[in-house]
Structures are given as structure tokens and as C-alpha cells.
A.B. asks: 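Starting off with a structure, shown below.
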There are 2 protein chains.
Amino acid sequence: MAEPLYRQIAQDLRRKIESGDLAPGARLPNEVEFGEEYDVSRNTIRDAIKWLTIRGLVETRPGQGTFVVGRIEPIVTTLSDDRDPEAGMAGGEGAAAFAEIEERLRQQKEHQRRHAGEEAESGDAVAGAWPEAKPSATIPTVEVKGAPEYVAERLRINTDDEVVVRHQQFYIGRTPWSLQTTFYPMDLIERGATDLLRARNIAEGTVKYLAGRLNLTQCGSRLRILVRAPNENEARFFCLPDDGRVSVFSLVRTGYEERAGDSPYPFRVTFTVLPADRNQFVINQGIVPDELAAPARDQ
Amino acid sequence: MAEPLYRQIAQDLRRKIESGDLAPGARLPNEVEFGEEYDVSRNTIRDAIKWLTIRGLVETRPGQGTFVVGRIEPIVTTLSDDRDPEAGMAGGEGAAAFAEIEERLRQQKEHQRRHAGEEAESGDAVAGAWPEAKPSATIPTVEVKGAPEYVAERLRINTDDEVVVRHQQFYIGRTPWSLQTTFYPMDLIERGATDLLRARNIAEGTVKYLAGRLNLTQCGSRLRILVRAPNENEARFFCLPDDGRVSVFSLVRTGYEERAGDSPYPFRVTFTVLPADRNQFVINQGIVPDELAAPARDQ
DNA sequence: GCAAATTTGTTCGTATGTATT
DNA sequence: CAATACATACGAACAAATTTG
């Protein structure tokens, strides 16, 4: 037995899916029938299906069946752009990213209009990925608490020194898009940035607010990008399958202010979490074409 | 039955692992004993273990047992830095990234020396993640073939127009680190960049080579970052578990040259693939602290 | 180097629960 | 409510990988 039965079956199905023989949205035979077709037991078929599920090729729905999933049209966000340093601030962060999202959605819609009919009768898993989608954000929740270790480390304060925590959820249409949590040292409040404690949007953006209020200018920022499994909260918010297949991007941006006679000092750290299966990021350096970067495909 | 049995068991184990009750490297009881302990069948225990496996908390080894996996110390790569535009070229690409890797390894080793003994008797899964590790690269393989669609799109050429394909594998010590494939339009060869066809390293880097040889300067580049499941090749090269748990980063960098009276025109596209469970990226904007960015943790 | 013991991997069968139509 | 389809759980047997004696 070179390869286990369930994997032979899975590979066979994978081939059929990738060749388009099984179109996105198509329903597979039910597990019993399917087992008879391949002349194996139901459990073996289930193992094969599980293998495909983990890889995101099919999706099972209790009471309905197993379906081939379509490719998700990714959302592209620009993290940094030499030509427009402000754009970087958008970096998947806060309302500042909305302008880009809106522009992209407009273009996507246009693209779809131009290519209407090309994709023929694809299942609804593919069609109109972002119908009538406007970006929106929840009212921020505000909390004061001791800094967790991973925050204290970034802000150069002690663990359990107090910090202000502002948390927001972002949607595109009714689809959850990102979770964002920013930590500010209490220090900033004492210096007069009292609006940070109020549970309402700071229209101009917190960075600009701090600039106007405290004369605090962000001289630079450092963004870390990592990928990990979602925690329970995230899985629930993003409606991720609980088989742990989809991981999330975690963007950690630390903002620095200039201090006289000192090296740049951190004054905020923002954690942004987005599902890794439907987001892409772009970094522009130097002179690049004007149009927004299109989603990339490889392989 | 609010929650299935196998998940209750998995959650219980997860708690024990995350609280450190079960240390990294620790071996779990075998499946039969374990089943008796929880008073469930072997299959149910296996379901629980599978749940943990998919999330990367434990690892099963046939003939040996199930083990708690330790946290992997991530490799951090700087993708772009305002203060040093050259650093961006390193961006996980080619030999240029070696300097940073080496500096980081040196610092990590020092850090380990300073904190020696702190971690006590942790399993060998954790200790010395990168022992005696020097970055290295294979001799590039060179190929001429028709451009695949996803390349033609980026280089603004026709599908099946010929391109030069240069491919390299990178290691840190004996650990596979990244796979890299760069596509150049045949056009460049005709203009005189014949070294692109030779299967040997271009010491100065191809971008500099093209600058010297063709007076072609890269005026800018656009980097796309996405995450996806590894293909068969990648899984084999990186020794990824075949349960599809670990996904890979795919970095797609398009390099642009200035053309008189025209917008920037693409002259190369590089695909770099790295495992997502042991790599992080950093983007520096403006003025940030001098030291290399430390790996981030969140949650 | 080989054989035995241990441990996980695969496959079958069967029964019952839960979600959807 | 009934039918359909996937989800969970149990039990059993043999295969394959690894370590140990």
C-alpha cells in the first residue's frame, strides 16, 4: 500500500477540482453513495473529504452535503508607499484604510461589470463576493488595565503599568473584515489626551489628534507581520471554520515619537487581525505604476 | 451534548499545555492508556489529538507517541526601511538578505548565552533552534520557457512569450529557509544581459548586474504579500507536515524600470516562498529605533 | 543485524445525535 | 413531522514505523 486509500481518493478529487472537472459550488454525492462509488466504507470517504476540507478545497454543510468551494477574491491593502507616506498609516488600520477599500470595491465592481457573463454559471460561492459593500466600523470600546507582557515590551513600560486599550471591529458590508486593538500608555492621558478615554470615534484619527493636542508627532513606525492560528474570539468574529484550517494575519504596528536628545520612543502599539485566506498586502517602494496593485496569484 | 466529547478533551489538554502544565517536549500517554484515563474509545482520543495537531499544539510520531511542541523562534526579515532603501532589496530575496540573517543569528546566540539555564530542562524541541547556522544558497537553476499566465500578467507580456526563469533554494544551516523563483523577459537577454542565462550566482546581485550591463535602473518595486497552502514541492522542501496545517508566505516582488516618456515598466518578477510558522516580516517607516526589530508576540 | 514490543496509522462496521430541507 | 445528510462515538483488526533487547 504505497499510499493510503483515503489519500488516493482525496488526490483523485483534488485533480478533478483543480482541473475544473468539478466546478466551484458543485455538490459531491453523499457519503454513502460516494463510498459505494469508490467501493470503500463511509469512514474512508470521510477521511478523504476531511483531507480536502483542511486544505480548503471543499466544505461540508450538515444536512446539505459537501460542496466544492470557489476561490475567494482577496482584499488588497497597501501597507506602505514611498510616494504617499500617509497611505501607510492606513495600513489596515482604522478608518484611514476606508478610502482605499472603497476605491478598490468601486474598481472591482466595474471589472465585474465589464467581464459579466464570462464566468458563466458558477455557484454562488464565487459570484458577487462583496455585494453592496461599504466599509464600516463599530464604536470603539475603551478600557484601562494593566499592560500585558507583550504590550509592556513594545511600549517600554513595566508589566501591569496601566494602559488605555481601544478596540474596534471593522466590516465590509456585513462581512467582518478586521479586529483592531490599540494600546496607549496612561502617560498620554496625564499629558492631556483625554479623548483617548472616550468611547467614540476620533474623527481625525488618533495620530492627528495627539499631534494637535499634545504636539506629539509620530516620527516613524515599525510594522511586524506574522501569521498564526486564530483564537476563539477571532474564529467566532470572522466565522472561520473551527477545523483550524484558516489562519490569521497579525499586524503589530508600534508608533514612535521623537524625544529631544533621545532615540525614538514608542507611544502606541496597534494589533490588527485579519483572516489570511481573503487578505493580501502591498508595499510600494520608489516609483511604481499609478494604478492600485491588483491581487496576486502564484503557481 | 453542548460540546462534543473529543473537543472537551482537546480543550482540557490545550489548557494544560498553555498553562505550562504540560511542558514542550513532554510525551502524552499512548492512545489506549489515554483513552482509559478519560474513559473514552481510542478513536475519540485520536479525534482530540487530531484537533490539537491541526492547531500545532502537539505532534504525533508513528512508533513513538504524541509530543507537546515548543514555540518556534521565528526568523525576522526586514522588507523595507526608509532609512536604508537598499535593505528593502534584501526583502527575503537572494543573498542580499544574508547580512541581516547573520546579524540576527549572532544576536540570538548572544541572547541565548546571556539567558543560559533560564529555560531549564525544556525538551530538545525548543533548545538551540538554529545551532551553528550559516545562511547558504544553492547554485541557481536556469530555464527558458513560455510565461505562465500569472507571470505574463505581471511583466505585461503575452502568455507563452519566452522568459528566463532563475530558481534558488536557501538554507539556514541545514534547515530549508526559502524557495525563490525570478522571471525575466527574454527582451533583457537580447539587450545584452547574457549572464542571466548562466547557471551560476551573480555575485553583485542581478539588479546591480542589470544596472551595470544595460544601464537599467530599478526605479521602484511593488511587493505583494499573501498566504496560502503549500504545494507538494514546497511541503517536501520545507518538511511541512502533510496535514496541511502550516501555510506559506508568498512574496511577489515586481521590479520596475523607468522608461522615457512612459510610466514605470516591469522588468522582473520574483516569487519567494517561506513557511508561515517560522517567519515574520518587518517594515520600518520614518525614524525608528536603531536595533533590529525583535520578533513580535501577540495575545 | 534481527526479532519482539510499543505506538501510531488505516480501514472496516455499526449505532446514535444533530442540522437542514 | 419525515426524510436526508453530515457529526460523533464506540469497537475491532491489521499495517507501518520506531525503539528496545
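Proteins get letters first, then strands, A, B, ... in listed order; numbering begins at 1 in each. All values below come from the heavy atoms of this structure, side chains included, with hydrogens, waters and symmetry mates left out.
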A.B. asks: What is the distance, to the nearest angstrom, from the CD1 atom on Ile45(A) to the P atom on dT11(C)?
C.D. replies: 11 Å
A.B. asks: Given side chains that start at C-beta, do those of Gln11(B) and Tyr6(B) come closer than 4.5 Å, heavy atoms only?
C.D. replies: no
A.B. asks: May I have all residue pairs that pass salt bridge (Lys or Arg N to Asp or Glu O under 4.0 Å) and include part of residues 5-16 of chain A, sequence neighbours excluded?
C.D. replies: Glu3(A)-Arg7(A), Arg7(A)-Asp242(B), Asp12(A)-Arg15(A), Asp12(A)-Lys16(A), Arg14(A)-Glu18(A)
A.B. asks: So, are Glu234(B) and Arg236(B) salt-bridged, with charged N and O less than 4.0 Å apart?
C.D. replies: no
A.B. asks: Does the structure place the NZ or CZ of Arg224(A) under 6.0 Å from the centre of the six-membered ring of Phe281(B), at an angle of no more than 45° from the ring's axis?
C.D. replies: no
A.B. asks: Run the salt-bridge test on Arg245(B) and Asp277(B) with the 4.0 Å N-O cut-off and return the result as yes or no.
C.D. replies: no
A.B. asks: Which nucleotide, dG9(C), dT7(C), dA9(D), lies nearest any side-chain atom of Tyr6(B)?
C.D. replies: dA9(D)
A.B. asks: Would you call Arg42(A)-Glu36(A) a salt bridge at under 4.0 Å N-O?
C.D. replies: no
A.B. asks: Check the pair His167(B) / Thr181(B) against side-chain hydrogen bond (donor to acceptor under 3.5 Å, both in side chains), numbers first and verdict last.
C.D. replies: CA-CA 4 Å; His167(B) 177 79; Thr181(B) 310; 2.8 Å; yes
A.B. asks: Using whole Å, report how far CH2 of Trp51(B) lies from P of dT8(D).
C.D. replies: 12 Å
A.B. asks: Starting at atom NZ of Lys50(A), determine the distance to atom P of dA5(D), rounded to an integer number of angstrom.
C.D. replies: 20 Å
A.B. asks: With Ser41(B), which of Thr44(B), Asn43(B), Asp39(B) fulfils side chain to side chain donor-acceptor pair (under 3.5 Å)?
C.D. replies: Thr44(B)
A.B. asks: What is the distance, rounded to the nearest whole Å, between atom CG of Asp47(B) and atom P of dT10(C)?
C.D. replies: 13 Å
A.B. asks: Measure the distance from CD on Glu31(A) to C1' on dT8(D) and round it to the nearest whole Å.
C.D. replies: 12 Å
A.B. asks: Could you give the CD1-to-C1' distance, from Ile49(A) to dA5(D), as a whole number of Å?
C.D. replies: 11 Å
A.B. asks: Given dC12(C), dG9(C), dC10(D), identify the nucleotide with an atom nearest to the side chain of Leu5(B).
C.D. replies: dC10(D)
A.B. asks: Less than 4.0 angstrom from a charged side-chain N to a carboxylate O is my criterion; do Glu59(A) and Arg61(A) meet it?
C.D. replies: yes
A.B. asks: Check the phosphate of dA5(D) against Arg27(A), side-chain N and O only, distance under 4.0 Å to OP1 or OP2. Yes or no?
C.D. replies: yes
A.B. asks: Over how many whole Å does the gap from Phe67(B) atom CZ to dA17(D) atom C1' extend?
C.D. replies: 13 Å
A.B. asks: Mind running a 4.0 Å heavy-atom check of residues 32-44 of chain B against DNA chain D and sending the residues that fall below it, in number order?
C.D. replies: Val40(B), Ser41(B), Arg42(B), Asn43(B), Thr44(B)
A.B. asks: Which nucleotide sits closest to the side chain of Asn30(A): dC6(D), dT11(C), dT8(C)?
C.D. replies: dC6(D)
A.B. asks: Go through residues 53-66 of chain A and report each residue with a non-hydrogen atom lying under 4.0 Å from DNA chain C, sorted by number.
C.D. replies: Pro62(A), Gly63(A), Gln64(A)
A.B. asks: Take atom CD of Gln8(A) and atom C1' of dT11(C), then tell me their distance rounded to the nearest Å.
C.D. replies: 13 Å
